[in-house]
Peer 1: 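Here's a structure for you.
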2 protein chains.
Amino acid sequence: MTKQSGALTLIDLDTATPCCPPLAQQPLPAETAAVLAPAFKALGDPVRLQLMSMIASAPGGEACVCDLTPAFELSGPTISHHLKTLREAGLVDSERRGTWVYYRARATILRQLAGLLAADAPS
Amino acid sequence: MTKQSGALTLIDLDTATPCCPPLAQQPLPAETAAVLAPAFKALGDPVRLQLMSMIASAPGGEACVCDLTPAFELSGPTISHHLKTLREAGLVDSERRGTWVYYRARATILRQLAGLLAADAPS
DNA sequence: CGTCTAGGTTGACATCTATCAAAACAACGT
DNA sequence: ACGTTGTTTTGATAGATGTCAACCTAGACG
């Protein structure tokens, strides 16, 4: 579950993306758009966006599912499903340690997405 | 269509959002996530992401629908629908000038979204 | 007015998505 | 082995989404 040995994730942004000529600098090639869009799509749900921020801002850089789930009025399976979506979008990694599963944000991807949206115009 | 006089758009990010404590700095409140998610959602489609980049990178900062449509192998209505989605997400503005309609990126929002994703950790 | 062209709206349809209950799986404690 | 607790998978369902064809609207130009 944790280490996606080899090429497991649907989208491996790290390798597949030359990435990040700021959006406003030059038109995104269709292939690049196709690779990046799923990441934005994953962030396009309020629950997942909140999950993402909880994970990214968690002390130690990781958050336990057991801490994430009770923060929402949603069933366990639903939270698990959203976490899976984030994982498949390449936004987080998961690791099981004993009974609990911890999620960790992939800073690289976040930085890439931020760079994409960054206005080149300084202000 | 162009000036949303008063409060028209579903999401008015400019006013509704205190916005942009970097995602990884503190957990996003549910209400903020609910406001921001639709913007990411709008970017979560390859066609719209490409449209967005074409508009944002267009000379003069604006692009005519007549230039956008032929760049895709999609029907006019479909492109129009995607542009509407971007508009309702607060990502673009549209203005009719004579026969043609021009779309323009909202730099403010893009900067807000970029700020959200920006890793506070320098590297 | 009539008519052309550029865009948008409506209606329909196939696919995807968010959600839950129920079941399955994983690790720990007895 | 057995039961308990944490997490994921499966199946089902209501609702959202992307797409098109057909139709409608807005200007421009005679």
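Keep in mind that what you see is a predicted model, and the values were worked out from it rather than measured. Convention: sequence-line order gives letters A, B, ...; per-chain numbering from 1.
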Peer 1: Indicate, with yes or no, if A:Tyr102 and A:Ile55 share a hydrophobic cluster defined by side-chain heavy-atom contacts under 4.5 Å among Ile, Leu, Val, Met, Phe, Trp and Tyr.
Peer 2: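 No, no single cluster joins them.
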
Peer 1: I'd like to know if the side chain of B:Ser80 reaches the main chain of B:Gly76, judged simply by a donor and an acceptor atom lying under 3.5 Å from each other, with no hydrogens or angles considered.
Peer 2: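 Checked: no pair found.
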
Peer 1: Measure the distance from CD1 on B:Ile79 to C1' on D:dG18 and round it to the nearest whole Å.
Peer 2: 11 Å

Peer 1: Just to be sure I understand the rule, does A:Thr99 reach a base, reach only the sugar-phosphate, or reach nothing, if contact means heavy atoms closer than 4.0 Å?
Peer 2: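 If one applies the 4.0 Å heavy-atom cut-off, A:Thr99 turns out to touch the sugar-phosphate alone, with no base involved.
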
Peer 1: What integer distance in Å separates A:Leu74:CG from D:dT7:C1'?
Peer 2: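 From A:Leu74 CG to D:dT7 C1': 16 Å.
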
Peer 1: Nearest heavy-atom pair of A:Ala56 and B:Leu23: which atoms, and what distance?
Peer 2: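 Minimum heavy-atom separation between A:Ala56 and B:Leu23: CB-O, 4.3 Å.
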
Peer 1: Taking atom P of C:dA6 as reference, at what distance in whole Å does atom CG of B:Leu83 sit?
Peer 2: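 Checked: the CG to P distance equals 16 Å.
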
Peer 1: For the pair made of NZ in A:Lys84 and C1' in D:dT10, what is the distance, rounded to whole Å?
Peer 2: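 Those two atoms, NZ and C1', are 10 Å apart.
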
Peer 1: Determine the contact category for A:His81: base if any of its heavy atoms lies under 4.0 Å from a base atom, sugar-phosphate if only primed atoms, P, OP1 or OP2 are that close, otherwise nothing.
Peer 2: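 Base contact - A:His81 has a heavy atom under 4.0 Å of at least one base atom.
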
Peer 1: Measure the distance from CZ on B:Arg96 to C1' on C:dA6 and round it to the nearest whole Å.
Peer 2: 7 Å

Peer 1: Of all the choices, C:dG7, D:dT8, D:dC20, which nucleotide is nearest to the side chain of B:Cys66 once you look at every atom?
Peer 2: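 It is C:dG7.
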
Peer 1: To the side chain of B:Thr78, which of D:dT9, D:dT7, D:dC20 is closest?
Peer 2: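 Given the options D:dT9, D:dT7, D:dC20, the side chain of B:Thr78 is closest to D:dC20.
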
Peer 1: Which part of the nucleic acid, if any, lies within contact of B:Arg48, taking any heavy atom under 4.0 Å across all strands shown: a base, the sugar-phosphate backbone alone, or nothing?
Peer 2: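 Sugar-phosphate: the residue B:Arg48, judged by heavy atoms under 4.0 Å, touches backbone atoms but no base.
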
Peer 1: Return the 5'-most residue of the pair A:Pro77, B:Thr69 with respect to DNA chain C, ranking by each residue's nearest nucleotide.
Peer 2: B:Thr69

Peer 1: Taking side-chain contact (heavy atoms from CB on, under 4.5 Å) as the criterion, tell me which of A:Val92, A:Leu91, A:Asp93, A:Leu86 meets it with A:Arg106.
Peer 2: A:Asp93

Peer 1: Heavy atoms from C-beta onward define the side chain here; which of C:dA18, C:dA22, D:dG6 lies closest to that of A:Trp100?
Peer 2: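 So the side chain of A:Trp100 is nearest to D:dG6.
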
Peer 1: Could you tell me how far apart A:Leu51 (CG) and D:dT7 (P) are, to the nearest whole angstrom?
Peer 2: 13 Å

Peer 1: Answer yes or no: is there a side-chain heavy-atom contact under 4.5 Å between B:Phe40 and B:Leu116?
Peer 2: yes

Peer 1: Check this one for me: any side-chain N or O of B:Tyr103 less than 4.0 Å away from OP1 or OP2 of C:dA6?
Peer 2: no

Peer 1: In whole Å, what is the span from the CD atom of A:Glu95 to the P atom of D:dT8?
Peer 2: 13 Å

Peer 1: Classify the nucleic acid contact of B:Gly76 as base, sugar-phosphate or nothing, counting any heavy atom under 4.0 Å across all strands shown.
Peer 2: nothing

Peer 1: Find the distance A:Lys41:NZ to D:dA16:P and express it as a whole number of Å.
Peer 2: 16 Å

Peer 1: Can you identify which nucleotide, out of C:dT17, C:dT19, C:dG7, has its nearest atom closest to the A:His82 side chain?
Peer 2: C:dT19

Peer 1: For C:dG7, does OP1 or OP2 lie under 4.0 Å from any side-chain N or O of B:Tyr102?
Peer 2: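 So the side-chain polar atoms of B:Tyr102 never come under 4.0 Å of the phosphate oxygens OP1 or OP2 of C:dG7.
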
